[in-house]
Amino acid sequence: MSPRAVFVAGAGTEIGKTYVTAALTRRLRSAGPVLALKPLASGVAPVEDPAFADSDTARLLAAQGLPVTAATVAACSPWRFAAPLAPDQAAALEGRRLTLDEIVGWCRERIASAACPVVIEGVGGLMSPITDEATNLDWIEALRIPVTLVSGSYLGAISHALTAAEVLRLRGLDLRAVVISETEGAPTPPQVVAAAVARHTPVPVLCVGRGEQGPGALAAVV
Ligand SMILES: Nc1ncnc2c1ncn2[C@@H]1O[C@H](COP(=O)(O)OP(=O)(O)OP(=O)(O)O)[C@@H](O)[C@H]1O
Ligand SMILES: C[C@H](N)[C@H](N)CCCCCC(=O)O
Ligand SMILES: [Mg+2]
C-alpha cells in the first residue's frame, strides 16, 4: 500500500502554506513519524547564512524535529533558488532550468519510499509557474495526491480560495480541505471568512488563528 500523502497548495503566495504545513506536521508527529517536503524553494539564503533560519525549508525541518544540515536541507528541498521569484524565473537567473518530469519523479520516489505520511508544500499560488511550461496545478495533477488548500483571511481571500477550489474541482483533483490561516490586520475574523468559503464548497473549511497550532481536525487531511 502506498503511504498517505497530501499536497499543500496556496490560493496565493505568502498566504500561510508553510505555517499550516508546519502545524500539520506537528499534529501528525504526535501520532508518529511524518515527512514534510518543500521540493522547490525560491528566495532562500545559503544554508550557512543566518537568514536561512527564516526559510520554508528551515521551518519544515524544525517542525519535523530535524537539525539544519546540508543533508537534511537537500532531502527536504533539493531545488533552492536565491531570487524571491517564481521558481522558473529564479532558476533562469542562476542559469538553471527545471522540468516537471524531474520534480514529479523526485516526489513520487519520496512518497513511494516513505514509511510514514508525506506532506508536500507547493510554491506560490495554485497556478504559479514552476517550470517554463508547468504550474503547481500541473504538478498536483501529475502526482494525483489529495490536496489541502491554504488561503488567508484578508479582504479578497474568499474569492481567491473559492477560485482555486473551483479550478481543482474542474481538473478532477481531490481537494480534502480548505484552511484559512489568519492574515495579520484582516478586517474580519478568520471564522467569518471560513464560514463564507464553506457556504460555497463541499469540503471541510478549517481555521488557524494567528500564532495558533491549528485544530486537531487538521491531521485528517492526510
Ligand atoms: N496563522 C498564522 N499565525 C501566525 N503567523 C502566520 C500565520 N499564517 C501565516 N503567518 C506568517 O505569515 C507569513 C507568510 O506565511 P507563510 O510563510 O506560511 O506563507 P506561504 O504561503 O508559505 O508563502 P510562500 O508562497 O513564500 O511559500 C510568515 O511570516 C508566517 O509565519
Ligand atoms: C518568493 C515567494 N515567497 C515564493 N517563494 C514564490 C512566489 C511565486 C509567485 C509567482 C506568481 O504567481 O506570480
Ligand atoms: Mg511557504
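Numbering of ligands and ligand atoms starts at 1, following listing order.
Ligand 2 has Ser42 within reach: a non-hydrogen atom of the residue lies less than 4.0 Å from it. Ligand 2 lies within reach of Leu85, whose nearest heavy atom is under 4.0 Å from it.
Near Thr13, meaning under 4.0 Å from one of its heavy atoms, ligand 1 places the atoms 24 (P), 25 (O), 26 (O). Ligand 2 places these atoms under 4.0 Å from at least one heavy atom of Pro84: 1 (C). With ligand atoms numbered from 1 in the order given, ligand 1 contributes 22 (O), 27 (O) to contacts under 4.0 Å with heavy atoms of Glu121. For ligand 1, the atoms sitting less than 4.0 Å from at least one non-hydrogen atom of Val208 are 1 (N), numbered in the order shown with element in parentheses. Each of the following atoms of ligand 2 lies closer than 4.0 Å to a heavy atom of Thr13: 2 (C), 3 (N), 4 (C), 7 (C). Those atoms of ligand 1 with a heavy atom of Lys38 less than 4.0 angstrom away are 27 (O). The contact set between ligand 1 and Gly124, taken as ligand atoms under 4.0 Å from a residue heavy atom, comprises 25 (O). Residue contact check: Ala86 has heavy atoms under 4.0 Å from atoms 8 (C), 10 (C) of ligand 2. Close contacts between ligand 2 and Ser128 involve ligand atoms 9 (C), 10 (C), 11 (C), 12 (O) [criterion: under 4.0 Å to a heavy atom]. Close approach of ligand 1 to Asp56 (heavy-atom distance below 4.0 Å) involves ligand atoms 27 (O). Less than 4.0 angstrom separates some heavy atom of Ile15 from each of these atoms of ligand 1: 19 (O), 20 (P), 21 (O).
For Glu182 and Arg210, the salt-bridge test fails: no basic side-chain N is under 4.0 Å from an acidic carboxylate O. In summary, Asp138 and Arg171 engage in a salt bridge, as defined by a charged side-chain N under 4.0 Å from a carboxylate O. Ion pairing between a basic and an acidic side chain is recognised when a charged N comes within 4.0 Å of a carboxylate O; Arg97 and Glu133 show such pairing.
Between His160 and Tyr154, the angle of the ring planes lies from 30° to 60°, which puts this pair in the tilted group.
Nearest protein neighbour of atom 24 (P) of ligand 1, counting heavy atoms only, is Lys17 NZ, 3.4 Å. Summary of contacts: the protein heavy atom closest to atom 17 (O) of ligand 1 is Thr18 CB, 4.0 Å. Tyr19 CD1, 4.0 Å is the protein heavy atom nearest to atom 31 (O) of ligand 1. When hydrogens are left out, the protein atom nearest atom 1 (N) of ligand 1 is Ser181 OG, 3.0 Å; that is the closest non-hydrogen contact. Among protein heavy atoms, the minimum distance from atom 4 (C) of ligand 1 is reached at Gly211 N, 3.3 Å. At the shortest separation from atom 13 (C) of ligand 1 among protein heavy atoms lies Glu14 OE1, 4.5 Å. Scanning the protein for heavy atoms near atom 12 (O) of ligand 1, the closest one is Arg210 NH1, 4.3 Å. In terms of protein heavy-atom proximity, atom 19 (O) of ligand 1 is nearest to Gly16 N, 3.0 Å.
Any protein N/O/S atom under 2.8 Å from the Mg ion (ligand 3) was counted, giving 3 altogether.
Protein heavy atoms are absent from the 4.0 Å sphere centred on atom 29 (O) of ligand 1. The protein reaches atom 3 (N) of ligand 2 closely, with a heavy atom under 4.0 angstrom from it.
Of the possible polar contacts, none joining the Thr135 side chain to the Ser128 backbone as a donor-acceptor pair under 3.5 Å is found. A donor-acceptor pair is defined here as one N or O able to donate and one able to accept, closer than 3.5 Å; no such pair exists between the side chain of Ser151 and the backbone of Ile180. In this structure, the side chain of Arg27 engages the main chain of Gly214 through a donor-acceptor pair within 3.5 Å. With hydrogens and angles disregarded, no donor-acceptor distance shorter than 3.5 Å links the side chain of Thr183 to the backbone of Ala186. Between the side chain of Glu94 and the main chain of Phe81, no donor-acceptor pair closer than 3.5 Å is present.
By the criterion of a heavy-atom distance under 4.0 Å, neither the backbone nor the side chain of Met127 is placed next to ligand 2.
Note: the hydrophobic cluster containing Leu61 does not contain Val118 (ILVMFWY, side chain heavy atoms under 4.5 Å, direct or indirect links).
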>> The test is side-chain contact (heavy atoms from CB on, under 4.5 Å); show your working for Ile145 and Val6 and say whether it passes.
In response: CA-CA 6 Å; Ile145 60 175; Val6 66; 5.8 Å; no
> Can you check side-chain contact (heavy atoms from CB on, under 4.5 Å) on Asn136 and Val123, steps first, answer last?
Replying inline: CA-CA 7 Å; Asn136 278 251; Val123 56; 3.9 Å; yes
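The line from OH of Tyr19 to CG of Leu24 is 13.0 Å long, rounded to the nearest 0.5 Å. Rounding to the nearest 0.5 angstrom, the gap separating the CD1 atom in Ile130 from the CG atom in Leu137 is 10.0 Å.
The two residues Asp88 and Leu98 have their closest heavy-atom pair at N-CD1, 4.4 Å. Here the closest non-hydrogen pair linking Ala58 and Phe52 is CB-O, 3.3 Å.
Under the 3.5 Å distance criterion, with hydrogens and angles disregarded, no donor-acceptor pair is assigned to the side chains of Thr18 and Thr21.
Among pairs with a residue in residues 116-127, those fulfilling salt bridge (charged side-chain N to carboxylate O under 4.0 Å, His left out) read Lys38-Glu121, at least two apart in sequence or across chains.
Between Gly209 and ligand 1, an N or O atom pair is found at a separation short of 3.5 Å.
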